[in-house]
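Below is one structure; the comments refer to it alone.
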There are 2 protein chains.
Amino acid sequence: MSKRLRRLELLAAQLKQECLCTVKELAAQHGVSERTIARDLDLMREQGLPIDADRGRGGGVRLDRNWGVGRLNLAYHEAVDLLISIEVAERMNSPLFLANLGTVKRQLIASFSPEKRHRIERLKSRILIGVTASTQVQSGFSSPPETVVRHVHQGFIDQQRLAIRYRREDGAVSKREIEPHYLLLKYPVWYVIAMDGLRDAPRTFRCDRILESEMTDTSFRLLPKEAFDSVLAGNELLV
Amino acid sequence: MSKRLRRLELLAAQLKQECLCTVKELAAQHGVSERTIARDLDLMREQGLPIDADRGRGGGVRLDRNWGVGRLNLAYHEAVDLLISIEVAERMNSPLFLANLGTVKRQLIASFSPEKRHRIERLKSRILIGVTASTQVQSGFSSPPETVVRHVHQGFIDQQRLAIRYRREDGAVSKREIEPHYLLLKYPVWYVIAMDGLRDAPRTFRCDRILESEMTDTSFRLLPKEAFDSVLAGNELLV
DNA sequence: ACAAATATGCCATTTTATGTCACATATTAG
DNA sequence: CTAATATGTGACATAAAATGGCATATTTGT
């Protein structure tokens, strides 16, 4: 086999692309008999693909127009980004294009392994949504650097001490050691809430002003939420 | 067959859930010989699944940890919502969790049929992103009604005349006939830009104030963009 | 009425999948 | 170093599944 598997994949792709195919055409294209194509279609239907067939002259076979736009294969970090993006968008309550994303979210969550689900829950419990900011994202610094994103996916929050280069509002760049505890979105600006290693006090850093970040293996101190009350006040947790 | 297909699906799901399985366990669970599982794994590898194997004592088989967190099967309207949501989020430039969504977008677009791709392009060409609004979404009216969303997916823009019940700021509810041409997001509020059938002039309606909408089969007049210049000014198209 | 399309059943034949056994190779515990 | 567990691979007989061909029913447009 494996021949049949391949054919089934091809058939599905083909039916998605083209609107209406006759069994005869399909048989010729795949070099098998019409009977075989009929059986393949049966199998695909059995597996849940909504294949419509128009009988009679001028008829043919097609996939239900509103069905599965293919399958998305997501890597872990893609899935996390997608899930968090949807949840943030939901929280930000601009609902027109969110109506049908509930099922997407459910599918995403269901497909995580328990271990990953836990990791994501912890990440979410460290994300805060605040009021919309009056400031704009700095032009020229519109994206936080790659490294920040990578650190987020690697369990950035509550685990790793980071060495960063930070650009103050007046333009001066300084080096700092921080222990990040929370991410805060005051749309459109993301902040990192962290213990400043030098001053040993909670501080808030704009993600778009972090020029570089690097993990350091200095130990991380777990701190209770209360330690951050002063900077967290007035913001809501994502979960 | 179909037995093997099912087994392959189960195997993939299982390897995603559990970190490490021995071939012996898998064989026992599926009631086949170890040799068969080995062959199944070969086939899965051939199909592109990144299956790692640790040989030797304590070894086993697992899926690459960062690989496909399941497959998403999306219906058309889910895929559209997802795509538009991502693009809107990108345009709104709050980038922390958008870093890895480029590939998701590409997969989505690639999986649309040409016809659907065209439909989506047209929808996108009718979406405008404006400046962030100072107002909030009306509480109690936070979601536009189901019907508005449905109409969007059915080719709402530029095709259908709608009868709506609209709630003015002072609370008064009136009936109107509109021909919708554009959707405008002034975050967090969505607007419909339409020809008001009674006054025959362009007008802007807040989506969260549309209480009900219904298609009417009265003819729709295609109008050039210039007709809406007065209300479109200062807003940018999504595409 | 006729032609073109799907849908379904049956059976002989061909192809594929499976189990079994043997052996190679890699890793870890002791 | 050795024994114990793992995966990986090849060969071969056999069970199972896929295939093709044919007959037939059914739907639909001309």
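Numbers restart at 1 for each chain; the letters A, B, ... are given by sequence-line order, proteins then strands.
In terms of the salt bridge (charged side-chain N to carboxylate O under 4.0 Å, His left out) criterion, residue partners of B:Asp54 (sequence neighbours excluded) are, by chain and number, B:Arg62.
With rounding to the nearest 0.5 angstrom, the CZ atom of A:Arg203 is 15.0 Å from the CD atom of A:Glu179. Rounding to the nearest 0.5 angstrom, the gap separating the CD1 atom in A:Ile84 from the CD1 atom in A:Ile127 is 4.0 Å.
What separates CZ of A:Arg45 from P of C:dT6 is a distance of 10 Å, to the nearest Å. At whole-Å resolution of the value, CD1 in B:Ile37 and C1' in D:dA6 are 15 Å apart. The nearest whole Å value for the distance from the NE2 atom in A:His30 to the P atom in D:dG20 is 13 Å. Distance, A:Lys24 NZ to C:dA4 P: 8 Å, rounded to whole Å. Separating the CG atom of B:Leu26 from the P atom of D:dG8 is a distance of 12 Å, rounded to the nearest angstrom. Rounded to whole Å, atom P of D:dG8 lies 14 Å from atom CG of B:Leu43. In this entry the distance linking CD of B:Glu34 with P of C:dC21 reads 12 Å, nearest Å. Distance, A:Asp52 CG to C:dT6 C1': 13 Å, rounded to whole Å.
The listed nucleotides are C:dG19, C:dT6, D:dT9; the one nearest the side chain of A:Val61 is C:dT6. Side-chain proximity of A:Thr22 to C:dG19, C:dA5, C:dA7: nearest is C:dA5. Of all nucleotides listed (D:dT19, C:dG19, C:dT8), D:dT19 comes nearest to the side chain of A:Asp40. Nearest nucleotide to the side chain of A:Ser33, out of C:dG19, C:dT8, D:dG20: D:dG20. In this structure, of C:dG19, C:dT6, D:dT19, it is D:dT19 that holds the atom nearest to the side chain of A:Arg4.
With a 4.5 Å cut-off on side-chain heavy atoms, A:Leu82 and B:Leu82 count as touching. Counting only heavy atoms from C-beta outward, the side chains of A:Arg4 and A:Leu43 approach each other to under 4.5 Å.
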Seminar exercise, completed: Scoring nucleotides 22-30 of chain C by protein non-hydrogen atoms under 4.0 Å (B base, S sugar-phosphate only, - none) yields ---BBBBS-
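In terms of phosphate contacts, A:Arg7 brings a side-chain nitrogen or oxygen within less than 4.0 Å of OP1 or OP2 of D:dT19.
A:Glu121 has a carboxylate O that lies under 4.0 Å from a charged side-chain N of A:Lys124, or vice versa, which qualifies the two as a salt bridge.
Applying side chain to side chain contact (heavy atoms under 4.5 Å, CB included) to B:Ile37 and the options B:Thr22, B:Asp42, B:Val32 leaves one that passes, B:Val32.
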